[in-house]
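Notes follow the structure.
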Number of protein chains: 2
Amino acid sequence: MKREKSVHPKADALYINKLNKIKVLGLIRETGPVSRANIVKVSGLSAPTVTRIVDGLIHDEKLVVEVGMGSSSGGRPPLLIKFNGEQNYVIGIDLGATFTRGALSNLDGKFIKEIRIPTRLESGFNAIMEDLSDLINRLSIGNTRVRKQRIFGVGIAVAGLINKRENLVEYSPDFDWYNVDILIALEKSIEFPVIFDNVTRLMALGELSYGAGQKLQNFICVNVGYGIGAGIIVDGKLLMGADGFAGEFGHITVETDSDIQCSCKKYGCLEALASGRAIALTARSRLARGQSSLLVELCEGDVDKVTAKMVADAARNGDELARNVFYRAMEYIGIGISNLANIFNPELVTIGGGVSLAGDIFFDNIRKSVDKNIMQPTSRKVEILPVAFGENAALMGAFALILHRVLNLDI
Amino acid sequence: MKREKSVHPKADALYINKLNKIKVLGLIRETGPVSRANIVKVSGLSAPTVTRIVDGLIHDEKLVVEVGMGSSSGGRPPLLIKFNGEQNYVIGIDLGATFTRGALSNLDGKFIKEIRIPTRLESGFNAIMEDLSDLINRLSIGNTRVRKQRIFGVGIAVAGLINKRENLVEYSPDFDWYNVDILIALEKSIEFPVIFDNVTRLMALGELSYGAGQKLQNFICVNVGYGIGAGIIVDGKLLMGADGFAGEFGHITVETDSDIQCSCKKYGCLEALASGRAIALTARSRLARGQSSLLVELCEGDVDKVTAKMVADAARNGDELARNVFYRAMEYIGIGISNLANIFNPELVTIGGGVSLAGDIFFDNIRKSVDKNIMQPTSRKVEILPVAFGENAALMGAFALILHRVLNLDI
DNA sequence: AAACTTTCTAAAGTTATGTAATTTATTTGA
DNA sequence: TCAAATAAATTACATAACTTTAGAAAGTTT
C-alpha cells in the first residue's frame with residue numbers, strides 16, 4: 001500500500017470556496033472578535049465574498065458567532081464576530097501506561113469536564129478499550145449545556161509507533177501492543193469520529209494550535225518522560241514521514257560505542273541514556289555500587305524505588321551522585337536537541353514530559369549543552385522553553401487533532 | 001525581517017486555473033507522450049478543461065508540444081503531447097572551491113554545452129563573480145539553435161550556509177565568505193533570473209525533479225565530500241528551516257566526549273569525524289605516528305599529500321591502517337544517517353559527493369552501520385543508494401531550481 | 001458502407017469571485 | 001439640530017473557470 005504522490009486536489013469553484021473559507025475561519029480564530037471589514041483587509045478577499053463566507057460559517061457550520069458592535073471610527077460601527085469555540089466541543093484522551101485521562105473541552109481549549117481513571121495495563125488491549133469506551137461515553141453525556149451533536153470527535157494520544165498508512169498502533173513498548181487497531185475496537189460503542197496519534201506528535205500539534213504555533217511555523221516539541229520523542233512542525237505542518245513513523249528522536253544514537261542497551265535493542269540511544277527511566281536506572285546502579293548519596297534517604301532505603309524525580313530533587317540539593325547522573329543526562333538531551341536544531345533550523349524548541357517538571361535544573365543544563373553543541377552561524381539562537389500546557393499538553397494535542405479535522409486545516 | 005506565516009494565497013478563478021495548469025503540466029512531464037484523454041482520466045478534470053489548458057501550454061507558455069498520433073484502440077486515435085523540454089533551457093552552475101562547472105541544459109536535463117574553469121579562490125569574491133558572469137555569458141551565446149529568450153534562468157549551487165530570508169551566502173567556509181550577495185554581484189552583467197542555493201540541498205532537488213523523486217516524496221540526499229551536508233525532501237518539498245539553514249547534517253554530534261574539533265569550532269561533529277577532510281587528516285596523523293601502511297607508497301612518501309581517495313584505495317587493498325580509518329568514518333556516517341532516518345522516516349537515502357565515489361567499500365560499510373543503528377520497527381528497511389547523477393548531481397539540482405521556478409512547482 | 005468507438009471541441013449552464021453601486025449606521029461640523 | 005462625511009455591510013451585475021451535455025472528427029469493426 002503505497003501512498004499516492006501528493007498532488008493538489010482537483011481545483012474547481014467549490015475548492016476555491018473551501019480554501020477561502022478556511023482562510024477566513026483561520027483569521028477569525030486568530031484575531032479574536034473582528035469585523036468583516038477587517039477580514040477584508042487582511043485576507044485580500046473582496047467584501048461581498050467575506051460577507052457570504054461569514055454568513056455560511058455562522059448559519060451552516062455554526063463555527064462563528066456575532067458578538068455585538070465595535071466602536072465606530074467615524075462611520076457605521078463594525079459588527080464583531082468571533083470563533084464559536086464555546087459551543088463546539090471535542091473529547092481528548094491521554095492514554096498513559098498508569099493513568100488514562102480524558103477531557104471534554106470546547107474548541108477554545110477550555111476544559112468542561114475531566115475524568116481520570118487508572119489504566120488496567122495488565123488486563124490487555126480489550127479491557128483497556130472497554131474502559132476507554134466507558135470513559136468517552138461518560139464524558140459525552142451528563143452535561144445539559146453540551147449538545148451531543150456539537151461534539152466533533154475524539155482525539156486519542158498514545159505512546160508508541162503509529163503506522164499512519166494502516167491506521168494501527170504498530171508497536172507500543174509501554175503497553176506491549178503490536179499492530180492493534182484502536183479504531184475498530186471503539187467503532188461499535190462510540191458514535192463520534194475517533195482519531196489517534198503518537199503522544200509526542202500531539203503535544204506538538206497542541207502547541208501549534210493553541211500555543212507557540214500562533215506565531216511560529218517551524219518548531220520542535222520534545223517529550224522527556226519515561227521515553228523520549230519529538231513532534232516536529234515544519235512550515236506549520238506536523239512532520240509525519242513516509243509511513244507516519246517520524247519523530248523517533250529517542251532512538252538517535254548520541255554515544256557511538258556505548259554499552260548501554262535501549263528498550264529498542266540498540267546501543268547508545270538518547271532514550272537509553274537520558275530518559276526518566278534511564279536516569280532512575282543509572283542512579284540505582286550507582287547506588288548499588290555503594291556510593292553514598294542523599295538518594296538513600298529519599299528512597300527510604302529501597303534502591304529500586306529511586307525515580308528520576310528523586311534524582312532531580314537530590315541534584316537540586318547538591319547531591320554529588322545525583323548531580324553527575326542528572327547533569328550527564330541533560331548533556332545528552334542537549335546534544336540531541338542541537339542535532340535537531342542543526343538539521344531543522346527551528347525557531348523554538350519546547351520541552352515537556354515528566355522529567356521536564358524538574359524545572360530550572362532541567363532547562364538550565366540543557367541550554368548549557370545546546371549552547372556548546374549547536375552550530376551557531378551568526379547571532380541566531382534557538383529558544384528552549386517548557387511546553388505551553390504542562391501535563392495537559394497531550395490532551396491539548398488531542399483536541400487539536402479533531403480541531404484540525406473539523407477546520408480542514410490540512411487540505 | 002520575519003517570514004510571513006504561510007497562508008494559502010487568495011483563491012479566485014485565476015488561482016484554480018494556475019493550480020490545474022500546474023497539475024496538467026506535471027502529468028504531461030511525468031507520463032511522457034500522452035493523450036489529452038489520458039490526462040482527463042488521471043487528473044479528474046473534465047475533457048474541455050484539459051483541452052483548454054493544454055492549448056494554453058502549447059501556444060502561450062510553449063512548454064508543451066504535439067508529437068503526432070498514437071495508435072487507435074477502436075476509435076479516433078489520440079493526439080499525443082509531451083513536455084517541451086528540448087526547446088527550453090536552463091543554465092546550471094556548480095561553484096566549487098577548486099573548479100567551477102557550468103552547463104547549458106534543456107529542461108529535460110540534457111546537457112547542451114558544458115564549461116569548466118578553475119576557481120580563483122585566492123582572488124576573492126569579486127574576481128570569482130566576474131569569472132562566473134563570463135562563464136554564464138559564454139554558455140548563453142554561440143549556439144544558434146538555442147534562442148536566448150527560451151533560457152529561463154541561472155541556478156547556482158554554492159557550498160555554505162544560505163540565508164534564505166536575506167538571500168545571502170551567510171557563511172561559506174570553503175570560500176571564506178561572510179554575508180556575500182551573489183545576486184547583486186551578478187545582476188549588472190546577467191540578463192537572466194539568477195537563483196542560488198546550498199549545493200547539498202540542490203542535489204536533493206535534482207534528485208526530486210529528475211531522479212528518485214519521480215516516485216518518492218520523502219527522501220534524503222546526503223553529500224559526503226570535503227564537508228558533509230544533507231538535503232531533505234519532506235512530502236515532495238525541500239526542507240528549508242526557519243531561516244533557510246536546514247540540513248546542516250555535518251554538524252550533528254555523533255561522539256559525545258570527542259576531542260576532535262570541527263571547522264565550526266565544535267567537538268565531535270560528524271563532519272570532523274567522517275568527511276573526506278577528516279579521513280585524510282586522521283590517516284595522516286596515524287602515519288605521522290609511524291604506523292606502516294600502503295599509504296606511504298600511494299602518497300609517494302609525502303604524508304601531507306594523503307587524500308581520502310588514497311585511504312579508500314588502500315582500504316580496498318586490505319591495508320590495516322586505511323581500513324581502520326575508513327571503516328570508522330563509515331560507521332559514523334551510518335550513525336548519522338540512522339539518526340536522520342529515525343527522525344524523518346524517509347523511504348530512501350541517497351549519497352553523493354567525492355568520498356561516495358569510493359563505491360562498494362563506502363556503501364557496504366555505511367549500510368552495515370545503518371543496519372546496526374537504525375530503529376527497525378518492522379520489516380521496513382531504508383534503502384541507501386548512490387545519487388542518480390554522480391558528479392553532475394549539483395548541476396542537475398541547479399537546473400531543477402530554475403525548473404521549479406518556471407513551472408511554479410512550489411505554490 | 002453502416003455502425004461503433006474513441007478523441008477532441010463547442011455551446012450552454014453552474015459556481016464563486018470581483019467591481020460598482022447601494023443601504024445602513026454612526027460621527028462630524030455648520 | 002440636521003445635513004454632510006465616513007465607514008461597514010449588502011445587493012446587483014459582470015467575469016472567469018469549471019462541468020455537463022451535445023456534437024464533430026477520425027479511426028476500427030462487422
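Hydrogens, waters and symmetry mates play no part in the numbers below; they use all other heavy atoms, side chains included. The structure presented is a predicted model; accordingly, all values stated were derived computationally and were not measured. Naming: A, B, ... by sequence-line order, numbering from 1 per chain.
Protein atom CD1 of B/Ile39 is 13 Å distant from nucleotide atom C1' of C/dT7, rounded to whole Å. Atom CG of B/Asn38 and atom C1' of C/dT5 are 16 Å apart (whole Å). To the nearest angstrom, P of C/dT15 lies 17 Å from CG of A/Asn20. As a whole-Å value, the separation of A/Met69 CE from C/dT26 C1' is 9 Å. Nucleotide D/dG27 holds its C1' atom 12 Å from the CG atom of B/Leu79, rounded to whole Å. In this structure, the CG atom of A/Asp60 is 12 Å from the P atom of C/dA16, given to the nearest Å. Going from atom CD1 of A/Ile81 over to atom C1' of D/dA8 covers 12 Å, rounded to whole Å. Rounded to an integer number of Å, the gap from NZ of A/Lys21 to P of C/dA16 is 9 Å.
Remark: B/Glu347 engages A/Arg165 in a salt bridge, criterion side-chain N to carboxylate O under 4.0 Å. The residues B/Asp197 and B/Lys164 are annotated as salt-bridged, a charged nitrogen and a carboxylate oxygen being separated by less than 4.0 angstrom.
Closest to the side chain of B/Ala37, out of D/dA7, D/dT21, C/dT7, is C/dT7. The listed nucleotides are D/dA17, D/dT21, D/dG27; the one nearest the side chain of B/Ile16 is D/dA17. Nearest to the side-chain atoms of B/Ala13 among the listed nucleotides D/dA16, C/dT7, D/dA7 stands D/dA16. With distances taken from any side-chain atom of B/Lys41 to the nucleotides C/dA20, D/dA16, C/dT7, the minimum falls on C/dT7.
Heavy atoms of B/Thr49 sit under 4.0 angstrom from at least one base atom. When heavy atoms are screened at a 4.0 angstrom cut-off, A/Pro78 is found touching the sugar-phosphate backbone but no base atom. Across all strands, A/Thr51 comes closer than 4.0 Å to base atoms (heavy-atom distances). Contact annotation for A/Pro77: backbone-only contact, meaning every heavy-atom pair under 4.0 Å involves sugar-phosphate atoms and none involves a base.
Between B/Tyr15 and A/Tyr15, a ring centre-to-centre spacing not shorter than 6.0 Å is recorded. A centroid separation of less than 6.0 Å is found between the aromatic rings of B/Phe111 and B/Phe399.
One finds a side-chain N or O of B/Ser46 lying less than 4.0 angstrom from the OP1 or OP2 phosphate oxygen of D/dT19. The phosphate of C/dT6 has neither OP1 nor OP2 within less than 4.0 Å of any side-chain N or O from B/Arg36.
With hydrogens and angles ignored, the 3.5 Å screen pairs a side-chain donor or acceptor of B/Asn106 with a backbone N or O of B/Asp108.
In the interface, the side chain of A/Arg76 is not paired with the base of C/dT26 through any donor and acceptor atom under 3.5 Å apart.
Of the two residues contacting DNA chain D, namely B/Asn17 and B/Ala47, the nearest-nucleotide position lying further toward the 5' end is that of B/Asn17. Across the interface with DNA chain C, nearest-nucleotide mapping of A/Gly74 and A/Leu45 shows A/Leu45 to be the residue nearer the 5′ end.
Side-chain contact of A/Asn345 with B/Asp243: a donor-acceptor pair under 3.5 Å is present, judged by distance alone.
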